[in-house]
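Notes follow once the structure below has been shown.
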Amino acid sequence: MDRNFLLFGVIGISILNGLFSPYLAIAIPIAAVLMPEVFPRSVGWVLFFSSLLVASATLLIAGVPAALYERLAGHDRGGIVAMAIWLAGAALLAFPAFRHLAG
């Protein structure tokens with residue numbers, strides 16, 4: 001598989017997790033506090049920023065095992081195995097969102 005395909009897979013899974021995650025209920029009050037003052041505090045903007053918060057957290061947290069693998073294994077940066085670990089981590093974090101999406 002190509003590295004770019006894996007990267008877009010990680011980003012797509014993170015976006016889906018941000019949209020359909022059951023943890024949005026936790027992220028909504030946090031996003032309402034962290035929102036910049038230039039945006040109105042309407043429901044739409046709060047939902048947008050909470051979705052962005054969950055998607056970013058998925059992207060960052062899923063990358064930790066891949067970074068640890070690269071660091072401990074001593075391989076080149078950005079290898080296929082590290083990208084696959086990142087994709088698997090994002091898929092595991094997004095599993096509740098996929099269950100919620102499936103019904």
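Numbering starts at 1 and runs along the sequence shown.
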| query | Out of curiosity, does Trp45 fall in the hydrophobic cluster containing Val43 (side-chain heavy atoms, cut-off under 4.5 Å, transitive links)? | reply | yes

(Q) If hydrophobic clusters are built by linking Ile, Leu, Val, Met, Phe, Trp and Tyr wherever their side-chain heavy atoms come under 4.5 Å apart, do Leu6 and Phe8 end up in the same one? (A) no

Heavy-atom nearest pair, Ala62 first then Ala90, reads CB-N, 3.3 Å

So the ring pair (Phe, Tyr, Trp, His ring centres under 6.0 Å) pairs with at least one residue in residues 79-103 (sequence neighbours excluded) are none

In terms of heavy-atom contacts, Glu70 and Ala82 come closest through OE2-CB, 3.3 Å

Any link between Ile13 and Phe5 through a network of hydrophobic side chains (Ile, Leu, Val, Met, Phe, Trp, Tyr) touching at under 4.5 Å?
yes

Check whether Phe48 and Leu16 end up in the same hydrophobic cluster, where Ile, Leu, Val, Met, Phe, Trp and Tyr are linked by side-chain heavy atoms less than 4.5 Å apart.
no

Leu52 and Val10: same hydrophobic cluster, using ILVMFWY side-chain contacts below 4.5 Å? no

In terms of heavy-atom contacts, Asn17 and Leu93 come closest through ND2-O, 3.8 Å

Across all chains, not counting sequence neighbours, the ring-ring contact (aromatic ring centres under 6.0 Å, His included) partners of Phe49 are Phe39

Looking only at heavy atoms, the pair that brings Ala55 and Ser14 closest together is CB-O, 3.3 Å

| said: Contact between Met83 and Leu7 at the side-chain level, heavy atoms closer than 4.5 Å - yes or no? | reply: yes

Rounding to 0.5 Å, atoms CD1 (Ile85) and CG (Leu68) come to a distance of 9.5 Å

So the salt bridge (Lys or Arg N to Asp or Glu O under 4.0 Å) pairs with at least one residue in residues 36-51 (sequence neighbours excluded) are Glu37-Arg41

Between Ala31 and Leu53 the two heavy atoms that sit nearest each other are N-CD2, 4.4 Å

All heavy atoms of Ile28 vs all of Ser50, minimum pair found to be CG1-OG, 3.7 Å

So, the side chain of Ser51 versus the backbone of Gly18: is there a donor-acceptor pair under 3.5 Å, distance only? yes

Exactly one candidate in Ile30, Leu24, Leu59 meets side chain to side chain contact (heavy atoms under 4.5 Å, CB included) with Val54; the answer is Leu24

